[in-house]
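In what follows, a single structure is set out as C-alpha cells and then discussed.
As the structure is a computational prediction, the values presented were derived from the model and not from experiment. Lettering of chains follows the sequences in order, A, B, ..., and the numbering in each one begins at 1.
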There are 2 protein chains.
Amino acid sequence: MINTTIFEFCDHCSFVPFCLPGERNLSWATQINHAVKQFRSLKRNEILCLPNNKFQNLYAIQHGVIKTYQTEADGNELIRGFYFAGEILGYEAIYTNRYPFSAAALSETVICEIPYANFLELLQAKPLLQKRILYLMSRQLNMGSYLVSTTAEQRIAAFLLDLAMRLHPMEEIIEFVLPITRQDMGRYLRLTAETVSRAFSRLQKMKVIAINHRKIEFLCLDKLRQIAEGVG
Amino acid sequence: MINTTIFEFCDHCSFVPFCLPGERNLSWATQINHAVKQFRSLKRNEILCLPNNKFQNLYAIQHGVIKTYQTEADGNELIRGFYFAGEILGYEAIYTNRYPFSAAALSETVICEIPYANFLELLQAKPLLQKRILYLMSRQLNMGSYLVSTTAEQRIAAFLLDLAMRLHPMEEIIEFVLPITRQDMGRYLRLTAETVSRAFSRLQKMKVIAINHRKIEFLCLDKLRQIAEGVG
DNA sequence: CGCTGGATTGAGGCCGATCAACTTCAGTGG
DNA sequence: CCACTGAAGTTGATCGGCCTCAATCCAGCG
C-alpha cells in the first residue's frame with residue numbers, strides 16, 4: 001500500500017538513489033521514513049519557506065512546481081529558480097544557514113521534507129551516495145546559466161528548451177503545457193510579462209513555436225536552439 | 001622548507017580543512033602532495049582550461065585571480081565568475097563532466113590542482129569533511145546572486161561590496177585595489193565598460209566612493225549597501 | 001451572466017549600448 | 001631623459017531594446 005504509493009512518485013526523483021539505493025522493498029521504505037517526511041502537500045500559492053527562516057530541511061519535489069524568489073525594496077519580485085518534479089530545493093541554505101529566499105507553490109504541489117541533519121547522517125552512513133549529491137549540487141550550479149544571455153529572445157528560447165527538458169527528462173517532447181505565467185517567466189528572466197508575450201508572438205510569426213495561452217509546441221527545434229545560442 | 005612554503009599560502013584557503021585537518025606537519029604535507037599538485041603557476045592571460053575539456057581537476061586559487069567565461073556566437077565574452085585566493089573553481093564541471101567555460105588568469109596566479117578522483121577518495125576517507133564541501137558548494141550557489149538586480153548602479157554597488165569581502169575575508173576593509181578591468185566587470189555584470197565607468201563617476205559624485213583608476217575607497221558603506229539593496 | 005486574473009497589443013519614454021574622441025598611464029627603447 | 005606605443009579609462013552624443021502605462025481580449029468560474 002504505502003509501498004506502491006511511495007515508489008510511484010519516487011520513480012523520477014533525483015533523490016531516489018539516496019532514498020532507495022538498491023532493492024526497493026517496504027522495510028527500506030519504512031527505514032527512510034525516519035529520515036524523510038513524505039508527502040507534505042501544498043496548495044497553489046502556499047508558502048513553503050520565508051527568507052531568514054532557519055535552514056532545517058531540503059525539499060524534494062514529488063509533483064508540482066515551486067518557485068524561489070526574493071522581493072526587492074521597491075516591491076519588485078525577483079524569481080531565483082523554479083523546481084519541478086524530481087528536483088531538490090534548498091542547497092543554497094547550507095551556506096547561509098537560513099533560506100535566502102521565499103519559496104511558494106505555483107500549483108498543487110507535493111514535497112518530501114528532508115531534515116538536513118538526517119541528510120548528513122545518511123550521507124555518512126552511505127559514502128557512495130556522496131558522489132551523487134556532489135553531482136546534484138553541481139547540476140544546481142549549472143541551472144539558469146542562460147540567464148546571462150544578452151537579448152530577451154535568447155533568454156526566452158533557452159528557457160523554453162530548459163523547461164521542456166526538465167518537465168520531461170526522459171523523452172524529447174515538443175509539445176507541453178507551460179506551468180508558469182508570463183509574469184513569472186519575466187520575473188525569472190528579468191523581463192516584463194509584456195516583453196515575454198511579445199517575444200512569443202514574434203517566435204510564433206517566425207514559425208519557430210506555436211503558442212496558445214499555456215499550450216506550446218516547438219515547430220523548429222533547431223531554429224529555437226540557434227536563437228538560444230544567439231546565432232542569427 | 002616546503003613546510004613553511006605550503007602553509008604560508010594555505011592559511012586563507014577554503015580547502016584547508018580538507019587538505020590540512022588538525023595538526024600541521026611535514027608528514028601530512030607530503031601525504032597530501034599525492035592528492036594535490038601544489039603550486040602550478042599561471043602568467044597573466046594564461047589559459048587554465050577550455051570549454052569541453054574533460055573534467056579532471058578542481059582548482060584552488062592560492063594567489064591571484066582567475067575568471068571563467070564563455071564566448072557567444074557573436075564573439076561577445078560573458079564572464080561567469082571570478083575566483084580569488086582561497087576559493088575553489090570547477091564545481092560546475094562535476095555535473096557536465098566537461099568544463100562548461102574557459103578559465104584564464106587575470107594576473108600572475110598560483111593554483112593547486114586537485115584531481116577529482118583523489119578528491120572523492122579523500123572525502124570518503126574523511127567523512128567529516130563532507131560537511132565542509134557541501135558548505136563550500138552551497139556558497140558557490142549563492143555567488144553572484146546580486147546579478148539579478150535590475151539597475152546597473154545596484155549591480156555595481158553589490159559587486160564592489162562582494163569584491164571587498166572576498167579579497168579580504170577576515171577584515172572589513174574600505175580601501176583596496178581593483179584586480180579587474182572595467183571591461184571585465186562589465187562582462188560579468190552584463191554592462192559595458194562605459195556604463196561601469198559612468199556609474200563609478202556617479203557614485204564618486206555622490207561621495208559614496210572615491211575612485212582613481214584601480215584604487216578604490218568606500219566613503220559611505222551604509223549608502224553603498226543601500227544602493228546595492230535598491231533602496232533610494 | 002458578470003467577475004477576475006492572465007495574455008495580448010499599441011504608444012511613448014528611459015536606461016544602457018554604441019560609436020567616437022580624448023586622456024592617462026605603464027612599458028619600451030632610443 | 002623623453003618620444004613612442006598600446007591598453008585602460010573617462011566623457012559626450014546618439015540610438016535602440018525593453019519598460020511603462022493603458023486598453024482590450026480571453027478563459028475559467030462562481
Discussion item. What is the distance, to the nearest angstrom, from the CD atom on A/Gln183 to the P atom on D/dC21?
Written reply: 13 Å
Worksheet, complete the sentence: Axis-to-axis angle for the helix from C/dC1-D/dG30 to C/dG30-D/dC1, ends of five pairs each, to 10°, equals 30°
Discussion item. So, using salt bridge (charged side-chain N to carboxylate O under 4.0 Å, His left out) as the criterion, who are the partners of A/Glu153 when residues are at least two apart?
Written reply: A/Arg202
Item to complete: Please tell me if the side chains of A/Arg187 and A/Asp184 come closer than 4.5 Å, counting only heavy atoms from C-beta onward.
Response: yes
Worksheet item: Rounded to whole angstroms, how far apart are CD1 on B/Ile156 and C1' on C/dA17?
Response: 14 Å
Fill in: Per B/Arg214 side chain, nearest of listed nucleotides C/dC19, C/dT9, D/dG9
D/dG9
Practice prompt. Within residues 173-180 of chain A, find the residues that approach DNA chain D with a heavy atom at under 4.0 Å, and present them sorted by residue number.
Written response: none
Worksheet item: Between B/Tyr146 and B/Asp162, is any side-chain donor less than 3.5 angstrom from a side-chain acceptor?
Response: yes
Discussion item. Filter on ring pair (Phe, Tyr, Trp, His ring centres under 6.0 Å), then keep only pairs touching residues 212-232 of chain A, sequence neighbours left out; what's left?
Written reply: A/Phe176-A/Phe218
Discussion item. Suppose we screen for ring-ring contact (aromatic ring centres under 6.0 Å, His included). Which residues come up paired with B/Tyr91, at least two apart in sequence or across chains?
Written reply: none
Discussion item. Going by side chain to side chain donor-acceptor pair (under 3.5 Å), name the residues that satisfy it together with A/Arg198, two or more places apart in sequence or in a different chain.
Written reply: none
Discussion item. My understanding is that only residues two or more places apart in sequence, or in another chain, count here; which of them pass ring-ring contact (aromatic ring centres under 6.0 Å, His included) with B/Tyr188?
Written reply: B/Phe82, B/Phe159
Worksheet item: Separation of B/Asp74 atom CG from C/dA17 atom C1', in whole Å?
Response: 13 Å
Worksheet entry | Rounded distance (Å) that lies between atom P of D/dT24 and atom CD of A/Glu194 | 16 Å
Worksheet item: Residues two or more places apart in sequence or in another chain: which of them pass side chain to side chain donor-acceptor pair (under 3.5 Å) with B/His168?
Response: B/Glu171
Practice prompt. Grab the CZ-C1' distance between B/Phe200 and D/dT11 for me, whole Å please.
Written response: 16 Å
Contacts table for residues 42-54 of chain B: side-chain donor-acceptor under 3.5 angstrom, sequence neighbours left out:
| unit_1 | atom_1 | unit_2 | atom_2 | d |
| --- | --- | --- | --- | --- |
| B/Glu46 | OE1 | B/Lys43 | N | 2.7 |
| B/Asn53 | OD1 | B/Leu50 | N | 3.1 |

Discussion item. In whole Å, I'd like the distance from the CG atom of B/Leu203 to the C1' atom of D/dG9.
Written reply: 16 Å
Discussion item. Testing the 3.5 Å rule here: is there a donor-acceptor pair between the side chains of A/Gln154 and B/Glu72?
Written reply: yes
Discussion item. What's B/Arg198 touching, base or sugar-phosphate or nothing? Going by heavy atoms closer than 4.0 Å.
Written reply: base
Worksheet item: Is there a donor-acceptor contact under 3.5 Å from the side chain of A/Ser138 to the main chain of B/Glu92?
Response: yes
Contacts under 3.5 Å, N or O only, protein and nucleotides 14-18 of chain D:
| unit_1 | atom_1 | unit_2 | atom_2 | d |
| --- | --- | --- | --- | --- |
| D/dC18 | OP1 | A/Ala152 | N | 2.9 |

Response to the item:
To the nearest angstrom, the CD1-P distance between B/Ile211 and D/dG9 comes to 9 Å
Discussion item. Without decimals, in angstroms, what is the distance between B/Lys205 NZ and D/dT10 P?
Written reply: 13 Å
Practice prompt. Apply the test side-chain hydrogen bond (donor to acceptor under 3.5 Å, both in side chains) to residues B/Gln140 and B/Tyr83: give CA-CA distance (whole Å), side-chain angles for both, the deciding distance (0.1 Å), then the verdict.
Written response: CA-CA 11 Å; B/Gln140 197 62 34; B/Tyr83 295 82; 3.2 Å; yes
Nucleotides 27-30 of chain D: which of its N/O atoms have a protein N/O under 3.5 Å away?
none

Item to complete: Indicate whether OP1 or OP2 belonging to C/dA7 is found under 4.0 Å from a side-chain N or O atom of A/Arg182.
Response: yes
Worksheet entry | Centroid separation B/Tyr69 to B/Phe101 less than 6.0 Å | no
Worksheet item: Quick one: is A/Ser197 getting a side-chain N or O under 4.0 Å of the C/dT9 phosphate, OP1 or OP2?
Response: no
Can you give the donor-acceptor pairs under 3.5 Å from side chains of residues 222-232 of chain B to other protein atoms, not counting sequence neighbours?
none

